[in-house]
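Heads up, the thing below is written out as structure tokens.
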2 protein chains.
Amino acid sequence: MFSLDQLSAFVAVAEELHFGRAAERLNMTQPPLSRQVQKLERAVGARLLERDNRKVELTEAGQAFLVEARRLLALVETAGDLARRVDQGAAGTLRLGFTATSAIRTLGPLLRRMSEELPDVDVILHERVTPAQLDGLLRGELDLGLGRPPFDTDVLDSRVVYREPLCAVVPGNHRLAALGRPLSAGDFAGEQVISYSPTQARYFHELTVRFLAESHPRIEQRVQQILTVILLVAAGRGVALVPASARSLGVEGVAYCDLDLDGTGAGDPVELHAIWRRDATSPVLRRVLTMLPEHH
Amino acid sequence: MFSLDQLSAFVAVAEELHFGRAAERLNMTQPPLSRQVQKLERAVGARLLERDNRKVELTEAGQAFLVEARRLLALVETAGDLARRVDQGAAGTLRLGFTATSAIRTLGPLLRRMSEELPDVDVILHERVTPAQLDGLLRGELDLGLGRPPFDTDVLDSRVVYREPLCAVVPGNHRLAALGRPLSAGDFAGEQVISYSPTQARYFHELTVRFLAESHPRIEQRVQQILTVILLVAAGRGVALVPASARSLGVEGVAYCDLDLDGTGAGDPVELHAIWRRDATSPVLRRVLTMLPEHH
DNA sequence: AGAACATGATTCCCGAAAGGTATCACTCGA
DNA sequence: TCGAGTGATACCTTTCGGGAATCATGTTCT
């Protein structure tokens with residue numbers, strides 16, 4: 001088997017048709033160059049260069065081999081590039097889970113940035129509720145998720161990528177819509193409240209329950225999707241609490257009211273987390289994590 | 001820059017996922033194999049294998065690089081093949097000149113054998129009269145010609161590949177066609193004889209003149225192509241001498257008569273030569289020459 | 001014709017690089 | 001806790017590639 005150095009030597013001589021000049025181009029002297037070419041010819045099993053004391057020219061076999069040699073060296077030049085780009089996360093695949101709501105404010109900008117900064121990364125999108133995302137992360141089906149707490153922080157790491165207020169959504173002609181001031185928990189006394197599945201949308205379920213705990217509302221519906229909640233509100237089935245970004249969903253016939261979160265803790269209680277396995281090795285993931293906004 | 005050995009080492013380890021077994025497969029020991037892989041990783045600039053004391057697995061960059069490495073090694077495997085085949089004359093191009101007449105008996109079988117035994121040789125055909133072939137050979141436009149003497153034997157080498165009788169062609173209703181015996185030179189006395197161009201078809205011109213020298217026929221036409229001669233004979237413009245193989249051209253309205261070549265020398269005076277440059281280096285040519293029939 | 005020159009091949013030497021042996025560091029299973 | 005298994009490291013030996021000098025041969029100029 002020949003070596004790459006021998007190929008380079010041959011190509012140089014074939015292009016210069018002169019051992020001395022070729023050696024100079026290769027930053028070496030002529031004797032070892034002659035030997036390399038001889039070795040290559042023995043390895044290939046054919047005379048590649050016809051040479052005497054006056055001239056050097058390619059044999060027909062040499063012409064054919066020159067094409068192969070150039071192609072090989074070009075491949076060698078570029079062989080490492082892809083691996084390097086993958087290693088730096090600039091190429092590869094990212095399997096990204098997201099909830100329907102996370103798509104409103106976060107997913108779009110993220111995908112736009114990725115297609116600009118990491119154009120060679122293929123993003124495979126999976127819309128799933130948070131528990132399904134967590135399961136996918138643990139099974140290795142997903143690299144990154146956009147979901148809500150809680151999750152197993154021993155195995156999964158996360159970062160808050162969006163934080164927003166909670167607000168109320170009521171039918172457009174509802175009495176609460178006319179108040180014109182932030183609503184407090186007491187305003188919901190006696191209201192029919194649509195809430196979330198305690199398992200599939202646990203985060204919003206708990207936010208709702210926590211905010212309304214003292215006012216003892218009637219909570220009946222148990223839905224997973226925020227859009228479904230709003231559609232039910234629009235249909236007059238009750239009122240609900242949703243993240244502020246839901247305003248831009250553009251559902252007709254509903255009104256959104258700010259909430260008065262006096263002592264309930266800090267403002268903007270709705271957190272969206274980017275979630276990934278602590279032991280993940282994907283370079284694309286690492287690279288994408290550096291691109292994510294961080295909200296504390 | 002990495003080496004081909006390093007690529008082989010990496011591929012072996014990537015396939016075995018075990019340095020010891022990979023080393024065994026490569027007929028070496030484990031320590032240098034580890035070093036080679038390390039060097040390759042430094043050359044590429046990315047970690048290709050994730051390894052600890054218990055397991056070896058490919059990183060994402062490693063998976064990408066493995067594909068490149070395999071392709072490269074496959075190219076290396078086959079790179080020499082083409083050159084070797086060219087060198088042995090089993091691949092390449094043969095530029096072959098031939099006269100219209102030589103195609104009747106010789107060209108077909110030659111092309112058939114070549115497509116069987118040297119399927120990777122491209123044959124480029126040039127139909128030319130002999131002088132044009134000789135010119136092409138000297139200019140390097142042709143590798144091999146099928147033509148007639150004379151030519152410059154200092155520069156060109158040749159071999160007789162076909163030998164055949166001369167015969168007469170006469171109109172179908174001609175008196176000579178009815179004789180039913182070999183014709184001698186005297187039979188042509190007073191006949192209108194169609195002959196050949198002394199420059200472009202010198203060989204047949206001289207054969208004709210030599211045979212008919214004593215009988216002083218009227219020689220008027222000066223054509224190049226044997227087929228043209230026969231067509232003129234069919235048109236009743238005269239009689240002519242042609243090689244015996246012309247019988248199979250299938251021209252209607254003519255008759256072919258054997259000649260009585262008593263003292264004019266040996267029988268079968270019409271020679272077809274394969275002609276090539278003495279200094280030709282083409283491996284394909286050398287290989288084809290070994291396939292040519294030899295007639296002494 | 002002879003000398004100077006040009007060019008690729010050969011020879012000999014040296015240093016870098018590759019492979020081998022022995023060993024270490026670490027993990028896992030009994 | 002100990003032994004087996006694995007990859008990494010240290011050190012030695014061998015091999016291989018590059019460099020300087022020289023050779024063999026053909027060209028060119030005087």
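Every chain is numbered from 1 and lettered A, B, ... according to where its sequence line falls, protein lines coming before strand lines.
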Residues of residues 52-60 of chain B with a heavy atom under 4.0 Å from any atom of DNA chain C, listed by number, are B:N53, B:R54
Qualifying ring pair (Phe, Tyr, Trp, His ring centres under 6.0 Å) pairs with a residue from residues 137-159 of chain A, counting only residues at least two apart or across chains:
A:F151-A:H273
Note: B:F204 and B:R148 closest approach over all heavy atoms is CE1-NE, 3.5 Å
Close approaches to DNA chain C from residues 9-24 of chain A, in residue order (heavy atom, under 4.0 Å)
A:H18, A:F19, A:G20
Taking ring pair (Phe, Tyr, Trp, His ring centres under 6.0 Å) as the definition, give me every residue that meets it alongside A:F19, ordered by chain and number, with sequence neighbours left out.
none
Report yes if at least one side-chain N or O of B:S34 is closer than 4.0 Å to OP1 or OP2 of D:dA8; otherwise report no.
yes
Separation of C:dG8 atom C1' from A:L40 atom CG, nearest Å, is 17 Å
Check residues 119-127 of chain B and write down every donor-acceptor pair under 3.5 Å in which the side-chain atom is one partner and the other belongs to a residue at least two apart or another chain.
residue	atom	partner	partner atom	Å
B:D120	OD2	B:R85	NE	3.4
B:D120	OD2	B:R85	NH2	2.6

Output every pair passing salt bridge (charged side-chain N to carboxylate O under 4.0 Å, His left out) with a member in residues 26-43 of chain A, not counting sequence neighbours, ordered by first then second residue.
A:E41-A:R51
Looking at residues at least two apart in the chain, or sitting in another chain, which of them share a side-chain hydrogen bond (donor to acceptor under 3.5 Å, both in side chains) with A:D152?
none
Sub-3.5 Å pairs of nitrogen or oxygen atoms, protein against nucleotides 18-24 of chain C:
residue	atom	partner	partner atom	Å
C:dA18	OP1	B:K39	NZ	3.3
C:dA18	OP2	B:K39	NZ	2.2
C:dG19	OP2	B:Q36	NE2	2.9
C:dG19	N7	B:R35	NH2	2.6
C:dG20	OP2	B:T29	N	2.8
C:dG20	OP2	B:T29	OG1	3.0
C:dG20	O6	B:R35	NH1	3.1

Can you tell me which residue pairs pass the salt bridge (charged side-chain N to carboxylate O under 4.0 Å, His left out) test with a partner in residues 7-19 of chain B, sequence neighbours excluded?
B:E15-B:R25, B:E15-B:R70, B:E16-B:R21, B:E16-B:R25
Determine which pairs satisfy salt bridge (charged side-chain N to carboxylate O under 4.0 Å, His left out) with at least one residue from residues 53-63 of chain B, sequence neighbours left out, and list them in order.
B:D52-B:K55
Ring pair (Phe, Tyr, Trp, His ring centres under 6.0 Å) partners of A:F98, counting only residues at least two apart
none
Expressed as a whole number of angstroms, how long is the span from B:R51:CZ to C:dT27:P?
16 Å
Grab the CG-P distance between A:L26 and D:dG17 for me, whole Å please.
15 Å
Pairs satisfying side-chain hydrogen bond (donor to acceptor under 3.5 Å, both in side chains), at least one member in residues 86-95 of chain B, at least two apart
B:R95-B:D143
